[in-house]
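Notes follow the structure.
Owing to the predicted nature of the structure, the values given are computational and were not obtained by experimental measurement. Count residues from 1 along the sequence.
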Amino acid sequence: MAIVKRVVYVVPLLLGVVSLTFVLLQLAPGDIVSASVGDFPASEEYLAERRAALGLDKPVVLQYLQYLGSVFQGDLGYSFANRQAVLPLVLERLGATVLLIVTATAIAVTIGIPAGILAATTRRRALDNSVNVLALVGFSVPAFWLAQMALLAFALNLGWFPTQGMTTIGVPGGTFASVLDVASHLVLPACVVAVPETALIARITRTTAKGVLDSGYILTAVSKGLTHRAIVRRHVIRNSLLPTVTVLGYTFGTLVGGSILVETVFGWPGMGSLLYQAILNRDTSVVLGTVVVVAVLTLLVNVVTDIVYGIVDPRIREATSL
């Protein structure tokens with residue numbers, strides 16, 4: 001029953017996301033007609049004719065209702081800038097973005113959880129403070145600046161990694177060489193996207209682990225003669241992972257948003273770079289379509305996160321089923 005409630009909640013949330021995005025795009029200056037014309041001189045009659053052909057001369061409310069009806073029928077519109085339907089265009093870029101986010105998440109979990117546990121359980125205050133400072137810096141550094149610095153340092157100056165794209169021209173697909181090629185292109189953007197997520201996971205894990213160490217059952221375990229290492233392994237690590245599950249689910253949308261500029265810097269062919277180009281071109285259909293797909297994925301990930309959290313911690317499942 002609780003799962004059904006969460007799925008039902010997706011519909012009004014999706015409606016709110018679509019409506020808010022539509023309103024913001026309407027408030028932004030210009031449209032796809034003026035963006036396509038650019039600096040070339042064009043008469044008002046021509047611009048009006050083009051807007052009428054695209055349906056941009058209709059009242060905003062009518063445009064909104066028509067678009068809303070199309071969305072709930074699975075039609076995200078047509079991209080006149082790319083000359084194709086929006087949904088296959090977005091889905092074509094989805095795989096690259098998912099690969100980038102999954103890799104960044106794996107990096108964040110691999111580094112963030114041990115760092116947080118180490119900071120909470122160490123008896124060296126300098127080590128705890130160092131992890132705290134590094135996490136704060138990592139969470140505060142702008143992703144766009146960090147991406148440019150990584151590109152300059154490791155791709156242009158040192159030449160360790162490729163500078164742009166996802167693959168190298170001439171490398172045959174479906175081979176081990178192509179896998180290594182994609183991996184070499186993936187390292188820098190994935191690491192940049194992972195930096196703020198790693199910092200967040202480290203800080204949350206540290207805070208949770210310290211709370212576990214201050215719990216009464218830890219004092220009981222100490223009184224029974226358990227060593228510090230055994231307490232960390234049996235109690236601290238296990239109980240500190242639960243909030244991390246929630247963080248990973250609820251920051252999916254943040255990761256997608258953070259990957260937009262990172263994909264643009266590295267030329268990664270994902271939804272982020274598609275959305276960036278659509279904003280520059282005032283391609284409203286692509287912007288709305290990308291936002292809808294990201295919103296649906298984020299909401300579904302959140303639902304799955306709630307389900308997984310309920311499985312891991314039965315107390316949450318019992319509380320939500322009341």
Has [X] got a side-chain atom pairing as donor or acceptor with [Y]'s backbone, closer than 3.5 angstrom?
X    : Y    : answer
S19  : G16  : no
T205 : A202 : no
W268 : P189 : no
Q277 : G272 : no

Nearest heavy-atom pair of [X] and [Y]: which atoms, and what distance?
X    : Y    : answer
S140 : L136 : OG-O, 2.7 Å
A199 : G138 : CB-C, 4.0 Å
G270 : A96  : CA-CB, 4.0 Å
L188 : A155 : CD1-CB, 4.1 Å
V90  : G289 : CG2-C, 4.3 Å
N132 : R203 : OD1-NH1, 3.5 Å

If hydrophobic clusters are built by linking Ile, Leu, Val, Met, Phe, Trp and Tyr wherever their side-chain heavy atoms come under 4.5 Å apart, do [X] and [Y] end up in the same one?
X    : Y    : result
F139 : V131 : no
V137 : V195 : yes
V193 : L134 : no
V294 : L15  : yes

Point-to-point distance, once rounded to the nearest 0.5 Å, from [atom1] of [X] to [atom2] of [Y]:
X    : Y    : atom1 : atom2 : value
L274 : T290 : CG    : OG1   : 4.5 Å
L261 : L146 : CG    : CG    : 12.0 Å
L180 : L186 : CG    : CG    : 12.0 Å
L152 : L158 : CG    : CG    : 11.0 Å

For a side-chain contact (heavy atoms from CB on, under 4.5 Å) check, start with the C-alpha distance between H185 and T168, then their side-chain angles and the critical distance, and finish with the verdict. CA-CA 9 Å; H185 285 81; T168 302; 3.0 Å; yes
Show the numbers, then the answer: is there a side-chain hydrogen bond (donor to acceptor under 3.5 Å, both in side chains) between R93 and S273? CA-CA 9 Å; R93 301 290 194 98; S273 57; 3.2 Å; yes
What verdict does the side-chain contact (heavy atoms from CB on, under 4.5 Å) test give for V192 and F266, after you've listed the backbone C-alpha separation in whole Å, the side-chain angles of each residue and the deciding distance to 0.1 Å? CA-CA 10 Å; V192 172; F266 290 101; 4.2 Å; yes
Between side-chain atoms of residues 97-111 and protein atoms elsewhere (two or more places apart, or another chain), which donor-acceptor pairs fall under 3.5 Å?
unit_1	atom_1	unit_2	atom_2	d
T97	OG1	E263	OE2	3.1
T97	OG1	M271	N	2.6
T103	OG1	L99	O	2.7
T105	OG1	I101	O	2.8
T110	OG1	A106	O	2.6

4.5 Å side-chain heavy-atom contact, L65 and V61: yes
Run the numbers on V286 and L275 for side-chain contact (heavy atoms from CB on, under 4.5 Å), then give the verdict. CA-CA 7 Å; V286 175; L275 178 60; 6.0 Å; no
Which label fits F161 and F154: parallel for a plane angle under 30°, tilted from 30 to 60°, or perpendicular past 60°? perpendicular
Verdict with supporting geometry, L297 and L94, side-chain contact (heavy atoms from CB on, under 4.5 Å): CA-CA 10 Å; L297 289 176; L94 178 60; 3.5 Å; yes
